[in-house]
Amino acid sequence: MELVVLGSGTSVPHARRSSSAHWLAARGGTLLLDPSASALHRMAQEGLDWAGLDSIWVSHFHLDHVGGLAPFLFGTKYAPQTRERRKALTIFGGRGLEKLLRAFDEANDYGLLEQPFPVEVREVAPRASFEILPNLRAETFSTPHTRESLALRLTDGDGASLVYTSDTGHADALADFARGADLFLMECSFRRDKPVKTHLELADAMQLARRAAPRRVMLAHLYPEWDGVDLPAEAGKLWEGETIEARDGLRLEISRQSEDETRRRADA
Ligand SMILES: [Zn+2]
Ligand SMILES: [Zn+2]
């Protein structure tokens, strides 16, 4: 699988960090992790096949994650690139997704679900297991952030795994959910003294990393207070594994951790 960071930032307008979105290319198709307001143009900037996008994951309903859903569907409805498209687009998310989409749509009779191609909306429960793309298994975990917020664990046919927390507060069970992942993509909103419980600061994220023992960690959803800070160096003081700072445009291959490596990590 290949991950492309579209947006490493938050709701705060920022020159180099657009709001939260990631592109995942797997053998069975492509998946947009959170359709943020900036995501639709970021996909085009990265030269990605947005018109052929197969699935969208909506982690929760905050606008820095879902603000681009209606604009994207408004775009695909009229774009020349999607006029000939016939394959379905599936939008997955927690309870309330259909209601939210309907509200966006009815705000001005946009007709967002009348597309040249079928659009399917699928609400999933916590602890669900389903195929989000052919040969890409998805599992969900209810996170302490909003009522509907879900973390996602993806496993491809080769066994490579990605865990995407999206926004979350701290919970030990989240580390269990992420155990041994090849990439643990976590939010790390704040450096320290977080102003709200429903996000992570660095110490929380590194505690989850120590417990989950993933192959690599990537930290995203970075508020401007991270500007100018050497994030991997700060992380390295709290967890000895590899921590990658998400940056808009970063591309990363996610492959399976070998059994030897898993054993070594478990022993460490
Ligand atoms: Zn957010
Ligand atoms: Zn949020």
Side-chain angles (χ1 to χ4, degrees), residues 3-24 31-43 56-72 91-97 99-101 103-104 123-126 140-153 162-171 173-174 177-178 183-205 208 217-227 229 231 244-250:
L3 182 82
V4 183
V5 179
L6 298 172
S8 58
T10 64
S11 56
V12 181
H14 193 286
R16 296 177 313 283
R17 294 194 188 283
S18 59
S19 48
S20 196
H22 302 268
W23 173 273
L24 190 76
L31 169 65
L32 175 62
L33 296 167
D34 281 342
S36 73
S38 35
L40 62 164
H41 299 295
R42 287 285 303 122
M43 290 188 281
I56 296 176
W57 169 249
V58 177
S59 68
H60 67 297
F61 304 155
H62 283 159
L63 284 169
D64 54 323
H65 298 258
V66 76
L69 184 57
F72 180 67
I91 306 167
F92 296 88
R95 277 190 206 109
L97 177 63
K99 184 175 163 224
L100 181 82
L101 194 50
F104 281 150
E123 293 190 0
V124 294
T140 57
F141 175 85
S142 173
T143 53
H145 183 65
T146 60
R147 201 166 33 167
E148 77 286 357
S149 61
L150 295 170
L152 191 66
R153 184 176 181 120
L162 162 69
V163 173
Y164 173 55
T165 65
S166 190
D167 293 0
T168 183
H170 183 86
L174 181 57
F177 178 71
L183 185 69
F184 190 8
L185 172 51
M186 259 187 279
E187 75 129 292
C188 190
S189 294
F190 304 105
R191 230 179 134 183
R192 61 176 84 90
D193 305 321
K194 61 181 180 181
V196 287
K197 275 194 148 161
T198 50
H199 277 295
L200 300 179
E201 61 185 33
L202 186 63
D204 296 327
L208 291 171
V217 161
M218 185 189 278
L219 298 180
H221 203 268
L222 303 168
Y223 271 96
E225 65 180 64
W226 281 108
D227 289 1
V229 178
L231 189 155
I244 300 161
E245 176 187 347
R247 290 173 191 268
D248 291 20
L250 184 73

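One-based numbering along the sequence shown. When a ligand or atom number is given, it counts from 1 through the structure's own listing order. Worth knowing before you read on, the calculation uses all heavy atoms, side chains too, and leaves out hydrogens, waters and symmetry mates. No experiment lies behind these values; they were computed from the predicted model shown.
- Around the Zn ion (ligand 1), protein N, O or S atoms at less than 2.8 Å number 4.
- Using a 30° and 60° split on the angle between ring planes, Phe190 and His199 fall in the perpendicular class, above 60°.
- Taking the N/O/S atoms of His145 in turn, the shortest distance to the Zn ion (ligand 2) belongs to NE2.
- Of the possible polar contacts, one joining the Glu187 side chain to the Leu200 backbone as a donor-acceptor pair under 3.5 Å is found.
- Listed by chain and residue number, nothing satisfies the ring pair (Phe, Tyr, Trp, His ring centres under 6.0 Å) test with His14 (two or more places apart in sequence, or in another chain).
- Under the salt bridge (charged side-chain N to carboxylate O under 4.0 Å, His left out) criterion, Arg191 pairs with Glu234, sequence neighbours left out.
- The CE atom of Met218 sits 12.0 Å away from the OG1 atom of Thr165 when rounded to the nearest 0.5 Å.
- In this structure Glu245 satisfies the salt bridge (charged side-chain N to carboxylate O under 4.0 Å, His left out) test together with Arg17, Arg247, sequence neighbours excluded.
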